[in-house]
Amino acid sequence: MKLGAKLTLLLSGLSLAVACAALLVFTLTERHHLRLQASEERQAALEKLARVCAESFVGENELALRTFVASSPPRHATEMALVDVKGRVVIHVDFAKNEFTFPDKPAKSAHLRKVAGSQKGLWEPFTAEGRRLELGTAVLSAHNGERMGAVAVVYDRDAVESSIASLQRETLRRLMPMAALLIVLSVLLAVALARALAKPIQQLSLAARRIGQGDLLYRIPAQRSDELGDLAREFNAMGVKLKELDELKEGFLSRMTHDLRNPLSAMINQTETVTGGLRGPVTESQNKALRTVIKNGNYLMSLINNILDVTKLEAGKMEFAQSDLDLQAIAGEVVEIARATAAEFKVFIPDPDVPSGTRVWADEQALRRVLMNLVFNALKFTPEGGTVRILWSKTPEGHDRLAVQDTGIGIPADKIKTLFKKFSQIEETKDKVRKTKGTGLGLVICKEIVEAHGGSIWAESEYQKGTTFLFTLLPRPV
């Protein structure tokens with residue numbers, strides 16, 4: 001998953017979490033507020049009832065009490081009782097049965113007996129017959145302060161909670177459209193913020209990849225004035241320094257190889273002159289030693305030439321004269337040249353499997369060099385009795401594809417990616433088939449030449465079973 005998608009999911013998740021947390025806090029706060037409000041309402045209703053009961057009790061006005069209770073009964077009340085100072089229930093109202101009685105008897109139930117002895121109002125939860133109830137009481141006093149009794153109201157706590165829950169559901173129903181809108185806006189903001197954060201990081205990632213691939217001229221837009229802008233400018237400054245170091249390296253390699261090639265060439269020529277007898281007779285042992293000097297001198301000359309070629313190719317200074325070529329003829333020439341080495345190694349190399357009349361658009365010398373490098377490389381790592389062949393095919397896009405296939409020692413899967421790096425040597429295959437020298441630059445040169453032609457090159461291999469190097473060539477431009 002890409003960074004932008006990860007940031008979007010993360011910020012969207014955070015937005016939803018914050019929204020849910022806010023909704024939870026709001027719900028809990030509102031529930032507490034509604035409970036407090038319900039308690040205050042019950043307290044106010046009880047105090048009002050106590051005043052009416054006191055007036056009715058003093059004036060023995062039963063009608064006034066009946067009228068009040070009938071017109072405005074306490075919400076969520078299951079029963080109400082008026083108890084005198086002697087503990088006798090004077091009036092009892094059962095709201096569930098809609099009964100209004102005057103028993104004038106001592107209180108029987110435990111919660112009403114508490115009322116008789118209470119000297120002040122109280123609120124007390126209790127349970128009866130599996131119901132969650134709450135008892136609220138208020139003392140009845142005459143105008144002279146004399147205590148006349150108490151009034152008690154029993155409330156259904158489940159009904160109170162159900163009412164609170166209903167109010168909350170109604171509130172949430174009204175708030176849901178706004179909450180949904182806020183969540184959508186939060187997610188959109190999270191997406192925009194994720195893109196704003198991910199874009200400069202993706203630019204840095206792209207720049208690092210491009211520079212890692214050798215594009216040292218690549219730069220990041222650095223218009224931002226924040227820390228990410230500072231990082232982009234520092235990255236660009238690093239790219240400038242790397243380019244300077246690369247140019248210094250390339251200049252050093254170019255000068256060094258040029259300075260080495262001329263005296264080395266002179267040394268090889270003079271040594272060959274001596275071995276040819278032009279400087280006088282030499283003994284057999286001297287001739288053998290001089291031949292060793294020439295052999296190693298030629299190896300050094302090959303290394304120097306390869307370094308120069310790689311330097312030119314990487315700098316884009318190698319010129320190619322592309323033309324319409326007969327691929328079968330060029331591949332056949334490479335095979336004929338390689339057959340002497342193949343015979344020495346006892347490796348079979350058949351005629352190239354290239355159809356007659358196959359034409360490609362390439363630089364002739366460069367194409368021949370790529371095929372020579374790949375074929376001789378395959379011969380080095382193919383044991384006696386093996387086979388090296390050149391194969392041709394068309395890609396689905398219509399490009400020409402050439403393959404150099406061998407039945408050699410193969411390459412470990414984790415080492416294939418290192419094949420096209422300069423001076424790369426794979427220890428698992430080095431000198432396993434036969435002792436050979438290599439500069440470690442042949443495949444690098446092949447890669448640079450093929451890519452300069454607009455194609456691509458890669459390797460497919462199975463360790464201990466063989467390797468195939470493949471490269472493509474683009475058709476002639478119209």
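With contacts defined as side-chain heavy-atom distances shorter than 4.5 Å, the pair H399/L474 qualifies. Put simply, the side chain of L443 does not reach to within 4.5 Å of the side chain of I457, judged on heavy atoms. Annotation: side chain of D324 is in contact with side chain of R476 (closest heavy-atom distance under 4.5 Å). Counting heavy atoms from C-beta on, the side chains of P352 and R389 never come closer than 4.5 Å. A 4.5 Å side-chain heavy-atom check between V335 and I337 finds every atom pair outside the cut-off. The side-chain heavy atoms of Q286 and T283, taken from C-beta on, include a pair separated by under 4.5 Å. Between W458 and I416, every side-chain heavy-atom pair lies at or beyond the 4.5 Å cut-off. Contact of the R173 side chain with the R169 side chain is not registered, since no non-hydrogen atoms from C-beta on lie closer than 4.5 Å.
Taken from CE in M301 to CD1 in I294, the straight-line distance is 12.5 Å, to the nearest 0.5 Å. Taken to the nearest 0.5 Å, the CD atom of Q37 stands 8.0 Å off from the CG atom of L167. Taking CG of L34 as the reference point, atom OG of S163 lies at 8.5 Å (rounded to 0.5 Å). Taking CG of L300 as the reference point, atom NZ of K295 lies at 12.5 Å (rounded to 0.5 Å). Note that CG of L379 is 6.5 Å distant from OG1 of T341, once rounded to the nearest 0.5 Å. With rounding to the nearest 0.5 Å, the separation of CG in L133 from CZ in R157 is 7.5 Å.
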* To do: Give the intermediate values and the outcome of side-chain contact (heavy atoms from CB on, under 4.5 Å) for residues R291 and T275.
  => CA-CA 8 Å; R291 290 291 175 189; T275 58; 3.8 Å; yes
* Take K394 and D400, measure what salt bridge (charged side-chain N to carboxylate O under 4.0 Å, His left out) needs, and give me the verdict at the end. => CA-CA 5 Å; K394 279 284 187 181; D400 291 281; 3.5 Å; yes
* **Evaluation steps, salt bridge (charged side-chain N to carboxylate O under 4.0 Å, His left out), between R368 and E364** => CA-CA 6 Å; R368 186 179 284 109; E364 183 175 355; 3.0 Å; yes
* **Full working for side-chain contact (heavy atoms from CB on, under 4.5 Å) between D326 and T358** => CA-CA 6 Å; D326 183 342; T358 303; 5.8 Å; no
* Given the rule in the side-chain contact (heavy atoms from CB on, under 4.5 Å) test, do Q270 and V274 qualify, once you have shown the distances and angles that lead to the verdict? -> CA-CA 6 Å; Q270 289 297 320; V274 173; 5.7 Å; no
* side-chain contact (heavy atoms from CB on, under 4.5 Å) evaluation trace for L367 with L473 -> CA-CA 10 Å; L367 177 58; L473 294 171; 4.0 Å; yes
* Asked: E451 and K447: salt bridge (charged side-chain N to carboxylate O under 4.0 Å, His left out), yes or no, with the steps?
  -> CA-CA 6 Å; E451 291 181 352; K447 178 177 181 293; 3.2 Å; yes
* What's the verdict on salt bridge (charged side-chain N to carboxylate O under 4.0 Å, His left out) for R75 and D156, showing C-alpha distance, side-chain angles and the deciding distance? -> CA-CA 9 Å; R75 289 183 64 201; D156 188 337; over 6 Å; no
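In terms of heavy atoms, A38 sits closest to V160 at CB-CG1, 4.3 Å. Between A459 and L419, the shortest heavy-atom contact is CB-CD1, 3.7 Å. Between T407 and T387, the shortest heavy-atom distance links the atoms OG1-N, 2.9 Å. Between P383 and G408, the shortest heavy-atom contact is CD-CA, 3.8 Å. Across all their heavy atoms, K421 and K417 have their closest contact at CE-O, 4.2 Å. Here the shortest heavy-atom pairing between I449 and H453 reads O-ND1, 2.8 Å.
A donor-acceptor contact shorter than 3.5 Å links the side chain of T382 to the backbone of A378. Here the side chain of S39 pairs no donor or acceptor atom with the backbone of R35 at under 3.5 angstrom. With hydrogens and angles disregarded, a donor-acceptor distance shorter than 3.5 Å links the side chain of T472 to the backbone of S456. Counting only distance, with no hydrogens or angles, the side chain of T468 and the backbone of Q405 share no donor-acceptor pair below 3.5 Å. For N296 (side chain) and T292 (main-chain N/O), a donor-acceptor pair under 3.5 Å exists by modelled atom type. In this structure, the side chain of E134 does not engage the main chain of Y155 through any donor-acceptor pair within 3.5 Å. Formation of a donor-acceptor pair under 3.5 Å by the T29 side chain with backbone atoms of V25 is found in this model.
Between K465 and D406 there is no salt bridge, since no side-chain nitrogen of the basic residue lies less than 4.0 Å from a carboxylate oxygen of the acidic one.
Within a 6.0 Å sphere centred on CD of E319, heavy atoms belonging to other residues, nucleotides or ligands number 12 at most. At most 12 heavy atoms of other shown residues, nucleotides or ligands fall within 6.0 angstrom of atom NZ in K346. Around the CE atom of M267, the shell of radius 6.0 Å holds no more than 12 heavy atoms that belong to other residues, nucleotides or ligands.
Of the N and O atoms on the side chains of D353 and W392, not one donor lies less than 3.5 Å from an acceptor on the other residue. Residues Q43 and W123 bring a donor and an acceptor atom of their side chains to less than 3.5 Å of each other.
Annotation: side-chain hydrogen bond (donor to acceptor under 3.5 Å, both in side chains) contacts of D158 (sequence neighbours excluded): R132.
Judged by the 6.0 Å and 45° rule, R401 forms no cation-pi pair with F471.
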